[in-house]
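Working notes for the structure below.
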Amino acid sequence: MYQEQRLTLIKKYLSSHKSISLEEICEMLSVSKDTARRDLVKLEEREEIIRIKGGATIPSANKNLIDYKERKVTVSKERIAQSASFLINDHYDLLIDASSTGALMAKFMENKQVNVITNSIDIVDLLGEYTDIPTFLLPGKFNRKNRNLTGPRTIETLNDFIWWISYLSVLVVLALKEQLHLMRKKPS
């Protein structure tokens, strides 16, 4: 079977199941894990899937997402950011994902003695503007729409850090939920 045929079958499966594991691809298409991985890499390059540990999911949560630059700063988002910043204790390492509310937190963190880990170029920029907080930008493929870095390398690099608090957007929580669902489906 040619690669394009396999890719079509993988996408068809994902349209009804939302996630797929490497094992499912191997069994469904009678291919090796290496071939299954190459197929997922190709689909990810085309931005048709999101690769996650042990498989892939569809990027459904991002279809109707407003471009980062077009998101509005609301009073409630600013209150959430300020309240969240009060929960941060000194000497903590924080993970803050690329969200407009997460970016607003930078304005309220100027006297904090913390380290920040993020995949957001805007959070790095804002923390540099408002604070002297050491900031670590995770590597990955640049996503212009969300102004962040994503991909398998981003996830792998997270293993190099230990953080106390995570500030995640709803979309990240939904993606994590999909990944956990996929991990539960894996055969033992």
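Using a 4.5 Å heavy-atom threshold, the side chains of I162 and D93 count as separate. The shortest side-chain heavy-atom distance between L138 and L158 falls under the 4.5 Å cut-off. Between I80 and L104 the shortest side-chain heavy-atom distance does not fall below 4.5 Å. A heavy-atom distance below 4.5 Å is found between the side chains of L87 and Y167. Proximity of L7 to R46: side-chain heavy atoms (C-beta onward) are separated by under 4.5 Å at one or more points. Two residues are said to be in side-chain contact when any heavy atoms from C-beta on lie closer than 4.5 Å; L94 and K112 fail this criterion.
Between the CD atom in Q3 and the CD1 atom in I10 there is a gap of 8.5 Å [rounded to 0.5 Å]. One distance of note links CZ of R6 with OG1 of T8; it measures 10.5 Å at 0.5 Å rounding. Atom-to-atom distance recorded for M109:CE and I133:CD1 is 3.5 Å, nearest 0.5 angstrom. Distance check, rounded to the nearest 0.5 Å: SG of C26 to CZ of R37 gives 8.0 Å. A distance of 12.5 Å separates CG in D97 from CD1 in I117, rounded to the nearest 0.5 Å.
D90 approaches N111 most closely through the heavy-atom pair OD1-O, 4.2 Å. The two residues P139 and T157 have their closest heavy-atom pair at CG-OG1, 3.2 Å. Residues I49 and A56 approach most closely at CD1-CB, 3.6 Å, considering heavy atoms. When every heavy atom of G102 is checked against every heavy atom of I123, the shortest pair comes out as C-CD1, 3.9 Å. Closest non-hydrogen pair, T154 versus G140, comes out as OG1-CA, 3.5 Å.
Legend: residues meeting ring-ring contact (aromatic ring centres under 6.0 Å, His included) with F142, ordered by chain and number and at least two apart, are absent. In this view, S76 and T74 satisfy the side chain to side chain donor-acceptor pair (under 3.5 Å) rule, not counting sequence neighbours. Evaluation of the ring-ring contact (aromatic ring centres under 6.0 Å, His included) rule for W164 yields Y92 as partners, not counting sequence neighbours.
With hydrogens and angles ignored, the 3.5 Å screen pairs no side-chain donor or acceptor of T118 with any backbone N or O of L137. Using modelled atom types, no side-chain atom of S85 and backbone atom of M105 make a donor-acceptor pair closer than 3.5 Å. With hydrogens and angles ignored, the 3.5 Å screen pairs no side-chain donor or acceptor of T150 with any backbone N or O of N148. Put simply, the side chain of R51 never gets that close to the backbone of L40: no donor and acceptor are under 3.5 Å apart. Although no hydrogens or angles enter the test, the distance criterion places no donor-acceptor pair under 3.5 Å between the side chain of D122 and the main chain of A98.
Counting only residues at least two apart or in different chains, salt bridge (charged side-chain N to carboxylate O under 4.0 Å, His left out) contacts with residues 133-142 comprise E47-K141. Note on residues 99-111: pairs passing salt bridge (charged side-chain N to carboxylate O under 4.0 Å, His left out), not counting sequence neighbours, are E78-K107.
Note on R153 versus E44: no salt bridge recorded, every NZ/NE/NH1/NH2 to OD/OE distance being 4.0 Å or above.
For Q82, the CD atom is densely surrounded, since the number of other residues' heavy atoms within 6.0 Å is greater than 12. The 12-atom threshold is not exceeded at CG of D132, counting heavy atoms of other residues, nucleotides or ligands nearer than 6.0 Å.
In the hydrophobic clustering, V41 connects to no other residue, as no ILVMFWY side-chain heavy atoms lie under 4.5 Å from its own.
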task: Begin with the C-alpha distance, continue with both residues' side-chain angles, and end with the deciding distance and a verdict on salt bridge (Lys or Arg N to Asp or Glu O under 4.0 Å) for K42 and D39.
output: CA-CA 5 Å; K42 179 64 84 175; D39 289 349; over 6 Å; no
